[in-house]
Structures are given as C-alpha cells and as structure tokens.
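This is a predicted model, so every value here is computed, not measured.
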Amino acid sequence: MATKTPFQTLNNVEDTSLTANSFGFLRSPLCFTPYTVEADVAITGVPFDMATSGRSGTRFGPQAIRGISPQLDWEHCRYPWEFCLKDKLSFIDCGDLVYPSGDSKAMCAALTEHCDKLLASGKKCLTFGGDHFITLPLLRGHFKHFGKMALVHFDAHSDTYSNGSDCDHGTMFYHAPNEGLIDPDHSVQIGIRTEYDKSLGFTVLHGALANDLSVEDLVKRVYDTVGDRPVYLTFDIDCLDPAYAPGTGTPVCGGLTTDKALKIVRALKDLHIVGADIVEVSPAYDHGDITALAGATLAVEFLHLFALGKDRK
C-alpha cells in the first residue's frame, strides 16, 4: 500500500484556507519541521482577523509582508547596519499557522503550543499577523519560558479595554496583566492616540509626546522603565501615521513617521528582547504595498536586534 505524502504545511496538517502558506520571508526556504532543525529564529505567519473590531483583512498580512520582502534582500549589509544579517543569524520561515477556520479558541491553543515548542527548541519567535489579538497566545507561550515580561508596545490604541469579548483585538493587554504574563509597571506603550486608562500602570508615551520627544529622550524613558527584564516587543502597524501605513483596519491620524519608528526600534538594541511580532497589516486598504513594506522593514530591524542579542548571549 502506498504511503500517504504528508501535507507540505506546518506540522503536516491539511490547510483548506485560501490565504496561507505563500513563500519564505527574505527568500528564506520554508521549513515545515521547525522544532527539529537548527536555527536562531523561526518566523511564523498567523492569517487571523476574527478579533478585528473595524475593517477586516489582516489575514492577508503575512502574505503581503513576505511578498514585498525581496525588496529588502539585495543589500549585503542592510542600511544603516554594519554587518550582514545572514552572516550572524540563521532564520527559517515555517509558513503559516494552520487552524480550523472560524475557531478562535483552536487558533489560540495552536499558536501557544507552537510558540512553546519553538522556544523549547532554542529558537526565538518572530510572528506576522493577522490582527493584534495573536499577541495574547504568543505571550502565553513566552511566559512558560521567561516568566512575567516587560512589554514594549507600539500602537495607536492601548488595547487595554475590558469591554470586549474574549476574542477582541482591543483587549489583549487587559487580559495579559490579569493572567500575570506582563508587568505593566515595567512596560511601555508608544504612539497611543486614542482613549486609554492612565491608572493601569503602563508608561504611555502617547502619540503627540512621542512625536515631540527626540529619539534619544524617548528611548531613555523606555530603558528606565524596562530595565534588564525580558522584553516582548509588539508592533501594531497603525502606530505609524496613515500617511505611512494606510493599509490597516483602524487607522488614526497623528502617528509616527516610518523614519522615527525605525530609529526608535534600532535604539532598542540593548534590551533583552525575547520575542517580537508585527501585526495589523491589511493590504486591501493600501494601493501600493506601502504598509506591507513598512511591516517587512520593521521585521528586518527586529532580526538585526535578535542578531545583536545572540552576540551578547
């Protein structure tokens, strides 16, 4: 009897969606057995937008980020870094998370388990959303290995709202402190420019303040708040002004420029970053891949931060 060929997807699971498993970020080969191969970082896409409160479409975010990434792959040393990323860091793209369409609880369980297994195999996780809700199961996976973490959170929204459902992309950082996953007193939110509760403990460098502060002053506040704690870094693309990231579901005017965001991220190189994600890229609302390019560029910066962290280790 003929042996059945495994599905060429993460965990060899049949994927019946219409959006997943495109090709590897920065032309890296796809690896569907990520827990047993040698690599420093594993990239995973999560094409999920069931938690979206506004315009849907972020399920296409991982595909868009990967699709534009060859634009960033031609430089030997990515400006302004002075080393070749692929000389210092090995990374794999393990494709997109496979979960039953329409089942948010199954997605959460699958993503937490996947994250846990990657970390147990000695890798760091870089994850592409999908809507911002995916950060909650990722934090659960990281907590098993690092305990309570500091959060550095770029966003137009605080996502600390308690009035949503269990699956709502505005509630993750209400649930995460309540579950003991992150410490608000040592966490920073950058770029917030919608209503937020000042009593929750987060250091909020709101949009107007973040735009007015120098990069040096802003980053000093981050370091003073976070210290040497393990840091989870999450970047909602709507932290950027809609002029720089129109392709997102809940755009808010008054955000950061791409240039300033990149300078801030690069200056975080001395933090103990244990994991990172980029979320809320929704390419249908963008006429020219501007938002996907911003997301992919940030992902490249995150990989450089991981490379420097590997050197320190």
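One hydrophobic cluster holds both Leu26 and Leu126 under the rule that ILVMFWY side chains link at heavy-atom gaps under 4.5 Å. Clustering ILVMFWY residues whenever any of their side-chain heavy atoms sit less than 4.5 angstrom apart, transitively, puts Ile290 in a cluster other than the one holding Val279. No chain of hydrophobic side-chain contacts below 4.5 Å, direct or via other Ile, Leu, Val, Met, Phe, Trp or Tyr residues, connects Val37 to Leu118. With hydrophobic clusters built from ILVMFWY side chains whose heavy atoms lie under 4.5 angstrom apart, Leu298 shares a cluster with Trp81.
The backbone N or O of Val281 sits nowhere less than 3.5 Å from a side-chain atom of Thr291 that would complete a donor-acceptor pair. Not a single donor-acceptor pair under 3.5 Å links the side chain of Asp73 to the backbone N or O of Ser69. Panel note: side chain Glu301, backbone Val265; no donor-acceptor pair is recorded below 3.5 Å. Of the possible polar contacts, one joining the Ser214 side chain to the Asp217 backbone as a donor-acceptor pair under 3.5 Å is found. Between the side chain of Asp236 and the backbone N or O of Asp155 there is no donor-acceptor pair closer than 3.5 Å. Listed for the Glu280 side chain is a donor-acceptor partner under 3.5 Å among the backbone atoms of His132. Remark: side-chain polar atoms of Arg193 are paired, donor with acceptor, to backbone N or O of Val252 under 3.5 angstrom. With hydrogens and angles ignored, the 3.5 Å screen pairs a side-chain donor or acceptor of Lys260 with a backbone N or O of Ala210. At distances below 3.5 Å, not a single donor-acceptor pair connects side-chain atoms of Arg55 with backbone N or O atoms of Thr250. Put simply, the side chain of Arg66 gets close to the backbone of Gly95: a donor and an acceptor are under 3.5 Å apart.
The shortest distance between side-chain heavy atoms of Leu138 and Thr112 does not fall below 4.5 Å. Between Lys198 and Val204, every side-chain heavy-atom pair lies at or beyond the 4.5 Å cut-off. You'll find the side chain of Leu271 reaches within 4.5 Å of the side chain of Val226, heavy atoms only. Side chains of Asp197 and Leu200 form a contact here, defined as non-hydrogen atoms less than 4.5 Å apart. At least one side-chain heavy atom of His186 sits less than 4.5 Å from a side-chain heavy atom of Asp183. You'll find the side chain of Leu151 reaches within 4.5 Å of the side chain of Phe173, heavy atoms only. Side-chain contact between Lys123 and Val41: absent, with no pair of heavy atoms (C-beta onward) separated by less than 4.5 Å. Taking the side chain as every heavy atom from C-beta outward, Phe128 and Ile134 never approach each other to under 4.5 Å.
When all heavy atoms of Lys124 and Val274 are compared, the pair lying nearest together is CG-O, 4.0 Å. In terms of heavy atoms, Pro242 sits closest to Cys253 at CD-CA, 3.8 Å. Shortest non-hydrogen contact noted between Ser28 and Asp93 is OG-CB, 3.6 Å. Closest heavy-atom contact between Pro47 and Arg59: CB-O, 3.1 Å. Of all heavy-atom pairs spanning Pro137 and Leu111, the tightest one is CG-CD2, 3.8 Å. Of all non-hydrogen atoms in Thr44 and Cys94, the two that sit nearest each other are OG1-SG, 3.1 Å.
Distance check, rounded to the nearest 0.5 Å: NZ of Lys117 to SG of Cys115 gives 12.0 Å. Note that CZ of Arg229 and CE of Met149 are 13.5 Å apart. Values are rounded to the nearest 0.5 Å. Within the model, atoms NZ of Lys144 and CG of Leu181 stand 11.0 Å from one another, a figure rounded to the nearest 0.5 Å. Of the inter-residue distances, the one linking Leu303 atom CG with Arg78 atom CZ reads 12.0 Å to the nearest 0.5 angstrom. Remark: Leu293 CG to Thr258 OG1 distance equals 8.5 Å, nearest 0.5 Å. Atom CE of Met172 is separated from atom OH of Tyr161 by 10.0 Å, given to the nearest 0.5 angstrom.
More than 12 heavy atoms of other residues, nucleotides or ligands shown are found within 6.0 angstrom of CD on Glu75.
A tilted orientation is assigned to the rings of His304 and Phe83, their planes being inclined by 30° to 60°.
Inspection of the His272 and Asp228 side chains reveals no N or O donor paired with an N or O acceptor under 3.5 Å. Donor-acceptor pairing under 3.5 Å is recorded for the side chains of Tyr35 and His114. Using modelled atom types and a 3.5 Å distance limit, the side chains of Asp49 and Ser56 yield no donor-acceptor pair.
For residues 232-262, the set of pairs meeting the ring pair (Phe, Tyr, Trp, His ring centres under 6.0 Å) definition, not counting sequence neighbours, comprises His142-Tyr232, Phe154-Phe235.
The side-chain contact (heavy atoms from CB on, under 4.5 Å) search around Asn211 returns Leu256, not counting sequence neighbours. With sequence neighbours left out, Pro177 forms a side-chain contact (heavy atoms from CB on, under 4.5 Å) with Ile182, Pro184, Phe202.
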Residue pair Phe91, Leu85: steps toward the side chain to side chain contact (heavy atoms under 4.5 Å, CB included) verdict: CA-CA 10 Å; Phe91 54 94; Leu85 177 65; 4.1 Å; yes
Candidate pair Lys263 and Asp259, rule salt bridge (charged side-chain N to carboxylate O under 4.0 Å, His left out), full reasoning: CA-CA 6 Å; Lys263 288 174 179 174; Asp259 176 65; 3.0 Å; yes
Leu233 vs His153, side chain to side chain contact (heavy atoms under 4.5 Å, CB included): CA-CA, chis, key distance, verdict: CA-CA 6 Å; Leu233 177 59; His153 170 207; over 6 Å; no
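Each of Asp96, Asp277, Asp131, Thr127 was checked for a side-chain contact (heavy atoms from CB on, under 4.5 Å) with Val46, and the lone residue meeting it is Thr127.
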